[in-house]
Amino acid sequence: MNDLTVQFRCLFYSFIYGFIACMFYHFINRICMKVPIVLRYMIQIILGFFIGFLYYYGLVYINDGVLRGYFFVLIFIGYVIYQRYYAKYELYYLEIILRLIKRILTPFFFFFHSINAIILKSKKKVENIWQKREKKHDTKKS
């Protein structure tokens, strides 16, 4: 292939990658909203390394891993286009999907909480029985 075709593929790849990476980042960040802040920062750092590695791996496949400055400009342009025109729609539909999943899983959570309550009651009864036995056993020894 000629050099111009490879450059065009790299430009297109950089633009699309910026768009999709930003979408993926927002998705993961929304999923991890309830996670403690330190853990969320660690997830974001790992996600940043993962996104960077995948970008470079894609460039290795397309043009033997040659990085140019304008590739990063196209990544930034993909990010800006996503932020400007698509981010609110993705987050809106993501909220709808998460509410639907929460509604579907609510009976299962109720079931597991009920079973957990039953297990805790049984555990307390068993602990009381063992404590009574230990007291009887201790008083017989002395």
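Only a predicted model underlies this, so the values are computations on that prediction, with no experimental measurement involved. Counting from 1, the numbers follow the sequence of the chain as shown.
- Note that SG of Cys32 and CZ of Phe27 are 9.5 Å apart. Values are rounded to the nearest 0.5 Å.
- In this pair, Tyr57 and Phe53 present their aromatic rings parallel. The plane angle is below 30°, not in the 30 to 60° band.
- Here the CD1 atom belonging to Ile51 is positioned 8.5 Å from the CD1 atom belonging to Ile28, to the nearest 0.5 angstrom.
- Cluster annotation: Tyr41 is not connected to Tyr25 through the hydrophobic network of ILVMFWY side chains, with a link wherever side-chain heavy atoms come within less than 4.5 Å.
- Between Tyr93 and Ile96 the shortest side-chain heavy-atom distance falls below 4.5 Å.
- For the atom pair CZ (Phe8) and CZ (Phe12), the distance works out to 7.0 Å, reported to the nearest 0.5 Å.
- Using a 4.5 Å cut-off on side-chain heavy atoms (C-beta onward), Val35 and Met33 make no contact.
- For the pair Val60 and Asp64, the minimum side-chain heavy-atom distance is 4.5 Å or more.
- One hydrophobic cluster holds both Ile62 and Leu54 under the rule that ILVMFWY side chains link at heavy-atom gaps under 4.5 Å.
- Distance check, rounded to the nearest 0.5 Å: CG of Leu11 to CD1 of Ile77 gives 9.5 Å.
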Step by step, work out the side-chain contact (heavy atoms from CB on, under 4.5 Å) result for Val66 and Arg68.
CA-CA 7 Å; Val66 178; Arg68 306 269 186 222; 3.6 Å; yes

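- By the rule that hydrophobic residues join a cluster once side-chain heavy atoms approach within less than 4.5 Å of another member, Met23 and Leu98 end up as members of one cluster.
- The hydrophobic cluster containing Tyr79 does not contain Val73, counting ILVMFWY residues as joined when their side-chain heavy atoms lie under 4.5 angstrom apart, directly or transitively.
- For the atom pair CG (Asn29) and CZ (Arg40), the distance works out to 6.0 Å, reported to the nearest 0.5 Å.
- Distance check, rounded to the nearest 0.5 Å: CD of Gln7 to OH of Tyr70 gives 3.5 Å.
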Before giving the answer on ring pair (Phe, Tyr, Trp, His ring centres under 6.0 Å), spell out for Tyr55 and Phe71 the whole-Å C-alpha distance, their side-chain angles and the decisive distance to 0.1 Å.
CA-CA 10 Å; Tyr55 176 71; Phe71 293 165; 7.3 Å; no

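- Hydrophobic clustering (side-chain heavy atoms under 4.5 Å, transitive across Ile, Leu, Val, Met, Phe, Trp, Tyr) groups Ile31 together with Leu39.
- For the pair Gln83/Cys22, a side-chain contact is recorded, criterion being any heavy-atom separation below 4.5 Å from C-beta on.
- In this structure, Phe19 and Ile75 have side chains that are not in contact, with every pair of non-hydrogen atoms separated by 4.5 Å or more.
- Taking the side chain as every heavy atom from C-beta outward, Tyr13 and Leu74 never approach each other to under 4.5 Å.
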